[in-house]
Each structure stands twice: as C-alpha cells, then as structure tokens.
Amino acid sequence: MKSARNYILHILVLIVLIIFAFLTNAHKIWDIQQIVFYNDTQFWREHIAIIGGPSEWLTNLICQFFYFPIIGNFLLGVLLFILFEIFLLVVNKISNSNYNFIISFIIPALFIYMLKNPIFPLNFIFQLIISFILVYLFLRFYSLKIYIDSILFSLFFIALFYTSSFLSALIFSLSVILYDLNQHKGKIWYRLANIILLSTIVYLIAKYVMFLPNDRFLIGKELFTFQTIRLTRVLFIFFAVMLLLIVAFLLHKKLRTASPAPLILNAGIGIVIFIGSWLIPLNDENILPDTFRYFDHTKKWDKILSKAQKLHSNDRIVNYYTNKALYYTGKLSTNLFDYPQSWGEYALFLTTLTEPNTLMDNSNIFYELGHIGAARYWAFEAQTVFENRPEILKRLAECNIILENYQAAKPFALKLSKSIVHRTIANYYLRLINDTTLIAQDKVIVHKRKCTPKVSVFITKQNPENELKMLIETNPKNRMAYEYLQTYYLLHNDVIKFVKNICNMSNIGFNFLPNIYEEGIITYYYMINQKTDTLCGYTISDASKYRFEGYKRALSQFGGNFESAEPFLKETFGATYWFYLHFVSPITLKKEITIEHE
C-alpha cells in the first residue's frame, strides 16, 4: 500500500512538472538561446576542449528538440523530473527523514522560477543531473578501504570538474561528506584534506595553465558582459542545492514517522511550492527585451503592443520592437506617440548605438526593409560573436543567395545541414545553390532581389537615412522604407525633409494624411510662419488644426513656461508630435544618448 502511494506521488510530480514546463514555454527558451547541435567532429572537438564543454554538448544534443513546442515542453518536464528523482535518491542516502520528498521538490521549482528569464542556461540542469548521478554511483561503490575510496573519489571529482564545473564537483564533495558523517565519521578529516588538495590542484591548473576566467572555472560557462544573465543567479542555484543537502542531513532521524500523513503533506506542500515558484515574480528587467524579441520572432505584434501599453517601459529594445510592431499593425503613422519615445531615432534603428545582443536585430530590420547588403553585413558582425547560431547561418546563406554569391552561401548551408532541426531549410538552400533555375519559384528571394539596392554594400552605421532613400529609389512602393524614413525624420526633429518627402506618399497608396503626419506638416508651416490646408493633394483635417490651436492656447496659459506647462500638456496632448518635439525629443533636451553594458 505504501509503495503504491509513493508510486502515485511520483507520477503526480511528473504530471505537475510537465504542466509547469508548458507554462514556461520551452520553445521560447530555444528561440532566445538559439540552442543548436551540429552532428560533426568540429562541434564535438570544440566542446571537449574546454571545461564544462561536455555537459554543454549534452545540453545542446537534448535541448535542440525544444524547437518543437509540444515535444520541447514535455522534454523539459521530464528533465526536471529526472533531476528531482536523482536528487531524491541522493538525499535518501544521507537522510531518512519523511520530508526528503519536499526538499527534493524545491530543486525543479527553483529552475521553474529561474527559467522565467528565458536566457537562463539549461546547461545547469544537466550539470546537477550529472553531479547527482556520480554521487549515487560513488555511494553505491562506497568502500571502507582508504586507498580505493581516495582513487575513486579523486576520479569522480576531476571528471565532474572537467565535464561540468568546479561547483558541480563541490556539490559532489558535500554529498559524500554528509554521507560520511552518517556512515563513517572517521573519514571526515581525510575526506576534507582530499577535497582541499583536489580543489587547489584544479584551481592552479585552471588559472595558470588553462587561463580560465572565473565564471568558466566556477560554473563551466562564460557569462559575457553583454549577456543578460547574472553570475549571482547561477551561484544562487548551486548554493541553494548545497543548503538543501545540509538541511536534509540535519533532519536525519529527527522527522521520521510511519504515518501516511507525511505523504499527503509532502504532496500538498510540493504543489504549493510549485505554484509559488510560478506566481512569485522574477524581478529582472532583462526579461523584457528577450520577451519582446521572442514576440517579434513569432510575429505576435498585438502582444508586443498590448504589453508595451501596459508597461510603458523606456527600455530601448522594448521601444524598438514596439515601433516595429506599430508598423506591422499599420499604426506607425497614427499611434507612434502613444508609446514612450524618449530614445528618439535611437529606438527606431539600433545601428548607431549597437551591442552584441542587437547585431541580429540590425540584420533583421534591414532584411525586412529589403536592404540585403546591410542585412548580410550585420549578420557577419553577429557571427564574430555567436559563431554557430543557426539564425545567423540561415541569414548569411539566404542573403548570399539573394545577392547571387552562391559559393559564399554554400559553407553556411552545409554547416546548417549538420543540424537535425535545421536540415530541411539547409538542404533547400543547397538545392538552390546547385540549381539556380529553382530560385524563380521562390517568391521571397525574387521579391528581395527587386527591393535591394544595386549598391549592396552597407554605407553607414550612424545614419539610416541614405539606406532608406536608396531603398525607395530602388522600389518607390517600398512602404516600410518610406514609413521608417518619415518616422526617422520626425524623431530626428527634421520636419523640413519630412515635408519634402510627403509627395512620395502616393507611391505607396496612402489615401489620406495620418494624424502624426498632419502634426509634422503643421509644425513645419508654423515654423516658416505660413498656413496651408493642402499639401501634394492631401488635405489637412480640421481636427488636427483645432488640436494644434488647443496646444498653443494651453501653452500660452502658462506664459510660455514649458516646465510649468508640461504636466498639463502631457495629460491632454501627450500623444502628439508637438509634445514629443518640446518635451521628449533627445535633440530638444540635448540629452546624451548612451548604452551601458552590465
């Protein structure tokens, strides 16, 4: 009866973990982290040559299947269940408390919590699984003979350090020490001396022979300054595991009963722990850009706008994706100033102030605009940082095919073909390369070739104006290029060029002036002390003219004192171009625009 209850309880844990894995969204993690596994010797050699590489290789092998949403979510739940089970086996070796089940429950719950940030490395799940498998194996072959025990312990310690990390080896060491305290206290001092000696040796080798950075030594992974996951969060996971092992040991023989009540209590508390791990917010501002990036990849424009409306965030990446979503929902020229624009033109394009994590954002925007040369340029830049990322290889292969550089495209397609997940698209690219007559059937490539400027090189990072004008000259019906150019002029306070470009609206099918365009035109004619009702055959609406008169009257009520007028004007006219021009524009405010790397 008791074994049946235990069996049911473990099945319940598996079901709960799979449910929370679906809530976590494994595909989102895959998309943000760009997890990939290449079935070639180079990929294997790259991983076995570094500390922590083997566990990362295993992570990529398994987690590449997160690409498939249902399979990925199920797989994530199973991985967390394996972690729970193997940790429970180890805890049961060092403690006989009835509450080992609850203690073991906390480990997957911590990962559910941490994975709210989709950039949190899945590698650490595998590191812990490997650690506890080796702990369990060592305890199964536990020997009272010192020399056998020492050799085996040293081999396991070094194996863990190499395959995973130093902290993984410490977790292994702590587990064995706690077992020693229960089974053979005479080994404690000997064990501690062994751990100190091994730790000193691996540290000296790592620092002075292998020249490993501290994060690679401690956690088996390098967290670069541009990555949005902090070392403290990773250290928290490792030290939380160590603390739980100690708690389990302290409860040994102190909370033991044959009653079925603890089993029911275990289940109840476990479910509460999981619900808590999901409901407690993860206060990490870095989640927002990655979330918006995922919505962009999956083309969920309405989700971007609804979330941006709710958050009203001034994060540059959030503002960038908001502007992009406004274009794709047809609202860039009507609702631009309903959302924060304190970054001005620097949140319309990220090329002027770019950083490693935004390199592919730059490539994506130019690809969508139709400037394939610029898209390829930024993809090459991204490859210098993220060499094997599939989205970069796909972009480089496709851009070179569009630009008819077939031999340049081939290596990228061949590399992609080594991935199970990306093999289909890679083989398609290879067919196009080998038989260029097939390209005429690819509507995307044909369209991109019509849009891309004849001058395919990237001109400047500082100012997108020239690239946008080239795109319009190449294809006057390029609506995205036109709207982005006009928006750039407005955000750059350049109403003169904005007005001069109004006549080109007819090329892209505008039947009327959007309200923000009207406000820009009114601003221009007010600056030159003239009035107009029409421009290039478009009529300025009475509503916009009345709105401008109201804005002027409100400003005059405060005697032209902008500082005093700002709160009132923001409430009534905060979504107008005039308010942006006076109170938000970085150019008007002479605000120095910089970005900070964490």
Side-chain angles (χ1 to χ4, degrees), residues 2-24 26 29 55 58-59 62-63 66 72-116 120-137 139-140 164 167-168 171-172 174-175 178-179 234 236-249 251 255 262-278 280:
K2 182 179 177 181
S3 62
R5 288 199 302 268
N6 275 320
Y7 179 77
I8 292 170
L9 197 54
H10 284 258
I11 293 296
L12 178 63
V13 171
L14 176 60
I15 293 170
V16 169
L17 284 170
I18 289 174
I19 290 171
F20 277 95
F22 271 83
L23 293 173
T24 301
I29 297 169
S55 65
L58 180 62
T59 304
I62 303 298
C63 296
F66 284 16
N73 290 328
F74 182 80
L75 198 54
L76 177 59
V78 170
L79 285 171
L80 292 174
F81 179 71
I82 292 171
L83 178 59
F84 162 78
E85 287 290 345
I86 194 66
F87 184 76
L88 181 59
L89 285 174
V90 171
V91 168
N92 285 337
K93 284 282 187 181
I94 64 176
S95 173
N96 65 352
S97 166
N98 280 117
Y99 298 96
N100 289 345
F101 195 92
I102 293 175
I103 291 171
S104 302
F105 232 61
I106 296 173
I107 301 297
L110 279 174
F111 276 102
I112 292 291
Y113 179 71
M114 288 298 183
L115 287 172
K116 288 181 180 181
F120 190 85
L122 294 162
N123 175 249
F124 301 122
I125 297 176
F126 287 84
Q127 284 195 29
L128 290 178
I129 289 173
I130 293 169
S131 299
F132 291 121
I133 287 175
L134 290 187
V135 171
Y136 186 73
L137 289 174
L139 297 184
R140 286 291 301 270
S164 300
L167 287 180
S168 295
I171 287 174
F172 166 77
L174 177 63
S175 303
L178 295 175
Y179 185 78
V234 180
F236 172 76
I237 285 284
F238 281 99
F239 288 113
V241 170
M242 294 182 192
L243 180 62
L244 290 170
L245 286 168
I246 293 170
V247 169
F249 170 76
L251 294 178
L255 290 171
L263 198 62
I264 299 170
L265 188 61
N266 271 317
I269 295 176
I271 291 171
V272 170
I273 288 171
F274 270 104
I275 293 174
S277 70
W278 182 253
I280 297 172

message: Nearest 0.5 Å, please: how far is CD1 in I103 from CZ in F249?
response: 12.5 Å
query: For F22, does the CZ atom sit with more than 12 other heavy atoms under 6.0 Å from it, leaving out its own atoms?
result: yes
statement: Taken to the nearest 0.5 Å, the spacing of C63 SG from L122 CG works out to 4.5 Å
query: S168 versus I130: any side-chain heavy-atom pair under 4.5 Å?
result: no
field: Check: L167 and M242 side chains under 4.5 Å, non-hydrogen atoms
entry: yes
Nearest atoms (heavy-atom pairs only) where Y136 meets V90: N-CG2, 4.3 Å
query: What distance separates T24 OG1 from N73 CG, expressed to the nearest 0.5 Å?
result: 8.0 Å
task: Check the pair F101, V13 against side chain to side chain contact (heavy atoms under 4.5 Å, CB included), reporting the backbone distance first and the verdict last.
output: CA-CA 10 Å; F101 195 92; V13 171; 3.4 Å; yes
field: Stepwise side chain to side chain contact (heavy atoms under 4.5 Å, CB included) check, L174 with I246
entry: CA-CA 9 Å; L174 177 63; I246 293 170; 4.2 Å; yes
- prompt: Can you name the side chain to side chain donor-acceptor pair (under 3.5 Å) partners of S175, sequence neighbours left out?
  reply: none
Distance, nearest 0.5 Å, that separates CE of M114 from CZ of F124: 11.0 Å
query: Say you draw a straight line from CZ of F238 to CG of L128; how long is it, rounded to the nearest 0.5 Å?
result: 5.5 Å
message: For a side chain to side chain contact (heavy atoms under 4.5 Å, CB included) check, start with the C-alpha distance between I171 and L245, then their side-chain angles and the critical distance, and finish with the verdict.
response: CA-CA 9 Å; I171 287 174; L245 286 168; 4.2 Å; yes
field: Note, I237 side chain near F111 side chain (heavy atom, < 4.5 Å)
entry: yes
- prompt: How long is the gap from CD1 on I125 to CZ on F120, to the nearest 0.5 Å?
  reply: 8.0 Å
message: Going by ring-ring contact (aromatic ring centres under 6.0 Å, His included), name the residues that satisfy it together with F87, two or more places apart in sequence or in a different chain.
response: F132
query: So, S104 side chain and N100 main chain: donor-acceptor pair closer than 3.5 Å or not?
result: yes
- line: Correct closest heavy-atom pair for A21 and I112 would be N-CD1, 4.5 Å
Show which side-chain atoms of residues 77-85 pair as donor or acceptor with protein atoms under 3.5 Å away, not counting sequence neighbours.
| residue | atom | partner | partner atom | Å |
| --- | --- | --- | --- | --- |
| E85 | OE1 | H10 | ND1 | 3.3 |
| E85 | OE2 | H10 | ND1 | 2.4 |

